[in-house]
Protein chains: 2
Amino acid sequence: MREQRSQEPTARAVTMADVAERAGVSVATVSRVISESRPVAESLRDAVLGAASELGYQVNLVGRALRKGRTSTVGLLVPDLDNPFFSSLAQHLSTAFEGSATDMLVFSTCGDLEVERRGVESFLGRQVDAVVMIPCHEIDSTASVLRAAQASLTVQLDRQVVDADVHFVGCDNAQGMGLITRHIRRDVDVADKPAVYVGAHAVSSTGHERFEHFTREFPESPTYLGEFDFGWGQQAVDQILEDGMTRGTIVAAADIIALGVIARLHHHGLRVPDDFRVIGFDGIGVARFAHPTLTTVRQPVEEIGRTVLDLISSPSSKPAPRAIRIAPNFVAGNSSPA
Amino acid sequence: MREQRSQEPTARAVTMADVAERAGVSVATVSRVISESRPVAESLRDAVLGAASELGYQVNLVGRALRKGRTSTVGLLVPDLDNPFFSSLAQHLSTAFEGSATDMLVFSTCGDLEVERRGVESFLGRQVDAVVMIPCHEIDSTASVLRAAQASLTVQLDRQVVDADVHFVGCDNAQGMGLITRHIRRDVDVADKPAVYVGAHAVSSTGHERFEHFTREFPESPTYLGEFDFGWGQQAVDQILEDGMTRGTIVAAADIIALGVIARLHHHGLRVPDDFRVIGFDGIGVARFAHPTLTTVRQPVEEIGRTVLDLISSPSSKPAPRAIRIAPNFVAGNSSPA
DNA sequence: TTGTAGGCGTTATCAC
DNA sequence: GTGATAACGCCTACAA
């Protein structure tokens with residue numbers, strides 16, 4: 001026979017003083033037991049833990065944070081959680097922190113610079129131990145990045161602003177694009193299916209770098225630049241067809257763009273990879289949803305998460321700013337087979 | 001000529017006392033100006049704001065939180081941020097909080113009950129103003145939900161545990177399944193394409209309810225139960241084909257399952273919707289990635305986010321626990337056309 | 001309207 | 001090894 005259990009917000013919080021009184025010791029001793037900061041005689045330890053348990057005591061981390069000057073909190077600033085690659089980064093960052101007693105504040109900027117600025121201020125006001133941010137814009141986000149870095153340990157994730165000497169962890173885009181161009185040179189008859197690039201305007205370092213390394217390898221190839229989203233991939237296909245292409249190898253700057261490209265090619269009755277090959281970049285989980293499966297370059301998000309954690313919890317409190325580039329892996333799919 | 005600007009973590013934080021000294025007023029006055037809690041003579045106000053600005057003062061929210069007993073923080077507990085529907089909920093919750101000076105702690109439980117338990121404890125220790133959680137399990141998460149509700153304002157999101165009188169905001173699954181069954185009765189020749197259900201084991205209220213309402217309408221139809229993921233959708237197709245079906249209308253309990261179903265049908269050379277119709281549930285953004293586009297029932301995530309916010313920032317500090325069910329919308333796609 | 005002072009819950013320093 | 005006590009940064013009676 002189960003009874004309705006109802007919601008009854010807290011009467012008054014149990015504090016260390018309550019535990020101390022109950023256990024017949026001083027608050028200092030309670031603190032030492034709870035925080036395990038110093039050895040305490042076993043008898044007192046048991047008394048304290050017993051009292052704490054009976055009273056349902058739980059440490060108040062706000063009080064602790066104020067006293068210690070550390071919050072065990074990191075702030076993650078991300079342009080859009082609806083973007084599968086960004087939410088994947090958030091997921092793996094969260095799991096990397098798992099067990100380190102660190103919690104993660106998440107703030108979505110919706111790609112808006114002013115919102116991004118406020119997000120940084122909010123995190124700093126909350127005294128986060130570190131700010132991890134995916135800057136919205138390669139240039140215009142510089143002020144926010146520098147502001148964060150001046151007041152807190154800061155790591156740029158995935159994208160970095162130009163000209164700021166602040167930690168960065170992201171994919172080695174040069175190497176990733178190298179994997180793609182090598183695949184094309186080896187497996188594709190470029191005379192039959194010329195390479196085309198569908199990328200993003202150079203407002204982010206990722207868009208910038210991927211474009212640069214593609215054009216270095218295929219300087220004569222046409223390029224189309226838009227946004228990092230599904231809709232742009234669709235539009236790009238229309239432009240490519242208007243420009244008279246009927247066959248080709250479309251290199252997209254991101255999987256999400258590639259998925260839009262594939263969807264639109266299907267819509268026009270074109271076959272992948274028979275008419276157009278399609279190659280993506282990022283390795284998002286939903287790339288499996290594509291039909292055919294997407295040939296892409298995968299960023300090792302788990303490793304990226306761990307790397308950020310290492311940087312943040314570095315023993316030296318002030319490590320030299322570094323740009324860490326993680327090597328991506330080629331993922332063979334059917335959208336551009338070997 | 002731009003110089004390298006480098007990362008130099010804070011010397012010492014500027015405090016209200018510093019501002020007060022500089023402005024030649026008391027800390028109380030500074031506090032009143034900064035927090036806009038009481039009127040202050042304009043001359044002093046200007047002096048304070050000037051001093052604050054010169055010193056680069058920013059309020060320390062940890063100190064404020066300790067004093068006020070409110071942190072302006074809510075904790076979001078989610079099983080998996082890599083799940084597009086959950087990350088979409090996170091995104092819209094984040095944007096709903098935008099401008100309310102409330103920040104969001106996010107914790108991914110990875111579907112693990114013990115991790116979920118620890119997440120709740122961590123949030124409570126951090127004195128969050130509210131806990132918003134998507135429980136992992138319909139029954140086994142009950143303890144965590146009740147623990148949260150006993151210590152803080154708590155809202156269950158999307159899924160609810162049985163037998164706990166705690167706020168809930170989620171989709172009206174009965175109504176959603178009603179939209180689907182109505183579509184089938186109206187647009188599908190069930191004699192030619194019999195209905196099949198591919199759902200999830202009843203470990204979550206969503207899985208439970210959707211299954212229940214489907215079988216109520218189609219009691220004779222075969223049902224296949226697995227997980228809420230892409231891989232299960234693929235497996236289910238193999239089972240359905242092994243069981244000898246060659247045509248049918250597959251109702252999936254979630255879009256993510258439906259996408260796996262479609263991918264696997266293609267793999268077997270079967271056509272959608274010619275051989276098998278496919279219908280999803282949730283309305284995740286990536287449903288557009290499917291080819292053909294997915295016929296589904298969309299949960300209004302924006303409205304869900306706003307509703308949670310309303311509940312949390314309710315003026316009455318102790319509103320009666322309520323289950324709020326938001327009506328979903330039918331989204332016509334090509335995977336099951338009219 | 002402004003200042004003084006106490007305390008939110010915790011930890012660190014200093015005695016014992 | 002243990003206890004008293006002073007901060008941490010802020011807000012809010014209370015007094016002036």
Side-chain angles (χ1 to χ4, degrees), chain A residues 10-49 51-52 55-73 101 122 124-129 151, chain B residues 10-49 51-52 55-73 101 122 124-129 151:
Chain A
T10 184
R12 195 187 65 83
V14 179
T15 168
M16 279 192 177
D18 301 325
V19 177
E21 185 177 8
R22 174 96 167 209
V25 300
S26 71
V27 285
T29 299
V30 175
S31 171
R32 294 194 259 256
V33 171
I34 297 297
S35 63
E36 298 179 332
S37 56
R38 305 192 147 266
V40 170
E42 187 151 2
S43 59
L44 292 192
R45 234 182 67 85
D46 292 348
V48 167
L49 291 174
L55 268 47
Y57 170 77
Q58 191 191 23
V59 62
N60 180 326
L61 294 172
V62 176
R64 172 178 290 177
L66 180 59
R67 174 62 232 230
K68 301 190 74 165
R70 294 192 80 252
T71 52
S72 299
T73 301
S122 184
L124 296 181
R126 295 191 126 84
Q127 315 294 115
V128 295
D129 296 339
Chain B
T10 184
R12 196 188 64 81
V14 179
T15 166
M16 277 192 179
D18 301 326
V19 176
E21 186 178 6
R22 173 98 169 207
V25 299
S26 71
V27 286
T29 300
V30 176
S31 172
R32 293 193 260 254
V33 171
I34 297 297
S35 64
E36 299 179 330
S37 55
R38 303 193 149 263
V40 170
E42 188 153 0
S43 60
L44 292 191
R45 232 181 71 85
D46 292 347
V48 167
L49 290 174
L55 268 46
Y57 171 78
Q58 190 190 24
V59 62
N60 181 324
L61 294 172
V62 177
R64 173 179 290 179
L66 181 58
R67 174 61 232 241
K68 299 191 74 165
R70 294 191 81 251
T71 53
S72 299
T73 301
S122 184
L124 296 182
R126 296 190 125 84
Q127 315 293 115
V128 295
D129 296 337

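Atoms considered below: every heavy atom in the structure, side chains included; atoms not considered: hydrogens, waters and symmetry mates. Residue numbers start from 1 in every chain, and the chains themselves are labelled A, B, ... in the order their sequence lines are given, proteins ahead of strands.
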task = Kindly give the heavy-atom pair with the smallest separation between A/Thr15 and A/Tyr57, and that separation in Å.
result = C-CE1, 3.7 Å
Do any N or O atoms from the side chain of [X] and from the backbone of [Y] form a donor-acceptor pair under 3.5 angstrom?
X	Y	result
B/Arg126	A/Thr71	yes
A/Arg32	A/Arg45	no
A/Asp46	A/Ser43	no

query = Could you state the CZ-C1' distance from A/Arg45 to D/dG3, rounded to the nearest angstrom?
reply =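 Distance, rounded to whole Å: 19 Å.
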query = When the distance from CD of A/Gln127 to P of C/dT10 is rounded to whole Å, what number comes out?
reply = 19 Å
query = Under 4.5 Å between any side-chain heavy atoms of B/Val48 and B/Val40, yes or no?
reply = no
key: Separation of B/Glu42 CD from B/Leu49 CG (nearest 0.5 Å)   =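 One gets 10.0 Å once the value is rounded to the nearest 0.5 Å.
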inquiry  = Within this structure, what is the CG-CG distance for the pair B/Leu66 and B/Asn60, rounded to the nearest 0.5 Å?
reply    = 10.0 Å
key: Donor-acceptor pair between A/Ser35 and A/Arg64 side chains, under 3.5 angstrom   =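 No donor-acceptor contact under 3.5 Å links the two side chains.
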Under 4.0 Å protein heavy-atom contacts per nucleotide of nucleotides 8-16 of chain D, with B for base, S for backbone only and - for none = BBBBBB---
Global bending angle along the helix from C/dT1-D/dA16 to C/dC16-D/dG1, which compares the axes of five pairs at either end, to 10 degrees =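 Inter-axis angle at the termini of the helix from C/dT1-D/dA16 to C/dC16-D/dG1: 40°.
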